[in-house]
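Okay, structure first, notes after.
Atom set for the values below is all heavy atoms of this structure, side chains included, hydrogens, waters and symmetry mates excluded.
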Amino acid sequence: MDFYAVLWRELVVLKRGFWKFFASRLVNPLLYLIAFGWGIGRSVQMPQGSYLEFVIPGIVALSAMTTSFGAAGTPLNMARLYHKTLEEYLIAPVSTFSFVLGRVLAATLRGLIAALIILGLALLFKTKLAVGGAFLLVLFLTCFLFSALGVVAAMTINSHEDMANFTTFIIMPMSFLCGTFFSTAKLPPGVRQLIEILPLTHTNLALRELGAHGSFPWLSLGVLIFYSVLFFFLACYTVRHCRD
Amino acid sequence: MIRVENLVKVFGRIRAVDGLSFQVKEGEIFGLLGPNGAGKTTTIRILTMLTRPTAGEVYIAGHRLSTEAEQVKRIIGVVPQHINLDQELTVWENLELHGRLHRIPREERRRRMEELLEFIGLSDRRHDLTPQLSGGMKRRLMIARALMHHPRVLFLDEPTVGLDPQTRRKIWELIRQLNHQGVTILLTTHYIEEAELLCHRVGIVDHGRLIALGTPGELKARLGKAVVESFYNGVVDYHFFGSREEAVNFAAHLPGTVLIREVNLEDVFVELTGRRVRD
Ligand SMILES: Nc1ncnc2c1ncn2[C@@H]1O[C@H](COP(=O)(O)OP(=O)(O)O)[C@@H](O)[C@H]1O
Ligand SMILES: [Mg+2]
């Protein structure tokens with residue numbers, strides 16, 4: 001239950017800045033929806049359904065990823081390097097596991113909220129999307145794993161600028177290449193295999209499959225669980241070894 | 001209460017702490033006095049487990065730091081040199097977070113928070129976010145936060161750095177009160193007066209080494225009672241004497257400007273290192 005003390009602080013902060021957070025999570029996806037859904041989408045022919053229906057799960061995944069990564073990474077990086085508030089946790093009798101779990105769950109929650117905002121928008125755009133338990137589970141895992149990755153980045157990257165660079169060079173390319181706006185099926189073989197290793201690809205695959213009442217995406221679910229566990233342990237490792 | 005044995009910390013080519021050994025007795029206010037870069041912060045960080053020592057061992061209340069970190073964390077309180085309050089939380093929430101991290105039950109936590117806010121005189125500022133506080137208030141809040149879980153040992157790294165004289169005195173008063181309640185205190189400072197007026201015993205550190213240790217009285221007695229400072233031809237000279245009379249007699253024959261005063265810890269530092277603490 002130790003992790004709750006850590007989570008409690010994050011919830012207090014989330015509550016205090018909720019509407020600002022809410023608005024900030026609205027802008028980007030809304031622009032994507034307009035640009036790719038209404039704009040380009042009108043002239044794109046899809047095998048089934050509209051392009052808008054294709055792209056919405058992608059934008060949900062994208063927003064879940066960037067939000068949870070940023071929510072875990074940026075404040076922790078600042079807390080470690082600049083505000084030094086991380087020390088308050090390091091001197092407390094709280095295990096590394098509890099600390100990481102509290103932080104990761106808080107960022108996961110933010111990621112889920114961001115994802116739900118887009119699902120809400122999707123309703124306004126009148127798309128048919130089946131959102132059930134498995135859909136939410138995939139979202140949860142996605143947020144969880146990218147939050148944990150955010151912790152790893154925050155603990156290993158030694159400047160605020162490089163933290164931003166990580167987003168520019170890793171997170172942004174992933175958001176475009178992992179089947180967010182187009183199917184990865186038609187990519188050249190080498191590139192395709194590389195991209196299919198990445199977690200966001202599986203979030204996109206799974207959400208599309210589940211959103212269209214397709215078969216259960218066991219493989220993708222397995223990949224997401226694998227990354228969640230891997231990144232969580234890496235996060236614990238980096239926090240445990242952060243003392244100079 | 002605290003036993004430091006042969007502590008060494010190397011950062012690349014810098015030996016920040018270079019074979020430091022000393023003991024702090026229970027109930028004492030112990031000060032580490034030294035210029036900037038002497039290794040005081042590094043020492044405190046090792047003692048509070050924020051930095052790993054390169055070599056050496058530390059015992060706090062009989063617990064070995066390298067193997068019993070959890071037990072030690074429960075009995076120590078830490079006030080770092082830099083302000084590290086949570087800026088997104090209020091005064092009250094900063095204390096509450098600390099209480100929660102130390103698993104203090106709700107009722108007891110509330111009582112303790114009220115008590116400490118009263119103690120540091122910030123009861124009416126409890127709902128302010130911490131960036132709204134003045135420097136002295138922030139420092140006091142950091143002390144209160146460190147006290148939430150009733151630590152037996154309190155570490156304060158330069159507790160009054162950057163504060164005006166009045167606020168400094170208030171913090172000293174706070175530290176004395178805590179000490180009267182039985183808290184053992186280890187603080188670092190580069191202020192001579194702080195070491196002289198507040199600490200029962202002082203360890204003078206330079207380049208990561210302890211170069212003198214004793215009560216302020218003992219340390220000063222090594223040099224004598226009175227000092228004659230003479231300024232002549234742009235050169236400053238110091239002469240130490242066992243009594244004021246001897247100093248006055250000596251000064252009578254000196255050319256230039258002459259100042260007779262009591263020996264202070266600065267003189268001790270200068271005598272040992274050839275430099276001033278502030279240099
Ligand atoms: N993390 C670090 N990496 C490299 N050098 C350091 C680090 N921390 C402190 N130092 C060096 O160790 C020496 C002692 O520093 P510090 O303990 O902060 O001294 P003080 O607190 O007495 O001013 C200084 O030369 C400082 O530059
Ligand atoms: Mg220092």
Response to the item:
Looking only at B:E70, B:H102, B:R74, B:H149, the option with the highest number of non-hydrogen pairs under 4.5 Å against chain A is B:H102
Practice prompt. Among the options B:L50, B:V78, B:T51, pick out the one with the most heavy-atom pairs lying under 4.5 Å from chain A.
Written response: B:L50
Worksheet item: Is it the side chain or the backbone of A:Y4 that comes within 4.5 Å of chain B heavy atoms, both, or neither?
Response: side chain
Discussion item. Just so I understand: if I count every heavy-atom pair under 4.5 Å between each of B:Q71, B:R145, B:K9 and chain A, which residue has the most?
Written reply: B:R145
Worksheet item: Are a donor atom and an acceptor atom from the side chains of A:H83 and B:E88 found within less than 3.5 Å of each other?
Response: no
Discussion item. Please classify the contact of B:T54 with chain A as side chain, backbone, both or neither, using a heavy-atom distance under 4.5 Å.
Written reply: neither
Fill in: Greatest number of heavy atom pairs closer than 4.5 Å to chain B - which of A:A5, A:C242, A:S98, A:P93
A:P93
Item to complete: Could you tell me whether B:E107 and B:R111 have a side-chain N and a carboxylate O separated by less than 4.0 Å?
Response: no
Practice prompt. Heavy-atom distances under 4.5 Å only: say whether B:Q87 touches chain A with side chain, backbone, both or neither.
Written response: side chain
Worksheet entry | Flag, side chain of B:H190 to backbone of B:P35, donor-acceptor distance under 3.5 Å | no
Fill in: B:R201 to B:F22 six-membered ring, cation-pi geometry met (6.0 Å, 45°)
no
Discussion item. Report which part of B:L85 has an atom under 4.5 Å of a heavy atom belonging to chain A: side chain, backbone, both, or neither.
Written reply: backbone
Worksheet item: Where does B:R103 contact chain A at under 4.5 Å (heavy atoms): side chain, backbone, both or neither?
Response: side chain
Discussion item. Need one label for B:L129: side chain, backbone, both or neither, based on atoms under 4.5 Å from any heavy atom in chain A.
Written reply: side chain
Discussion item. Counting only non-hydrogen atoms closer than 4.5 Å, does B:H98 touch chain A with its backbone (N, CA, C, O), its side chain (CB onward), both, or neither?
Written reply: both
Practice prompt. Tell me, out of A:I91, A:V13, A:V94, who's got the most heavy-atom pairs with chain B below 4.5 Å.
Written response: A:I91
Worksheet item: When you check the gap from the basic side-chain N to the acidic O, do B:E93 and B:R100 get nearer than 4.0 Å?
Response: no
Practice prompt. Could you tell me whether the side chain of A:S68 and the main chain of A:T108 form a donor-acceptor pair under 3.5 Å?
Written response: no
Fill in: Stacked cation flag A:R103 on A:Y89, 6.0 angstrom / 45 deg
yes
Item to complete: Could you name each residue pair satisfying salt bridge (Lys or Arg N to Asp or Glu O under 4.0 Å) that touches residues 68-84 of chain A, not counting sequence neighbours?
Response: none
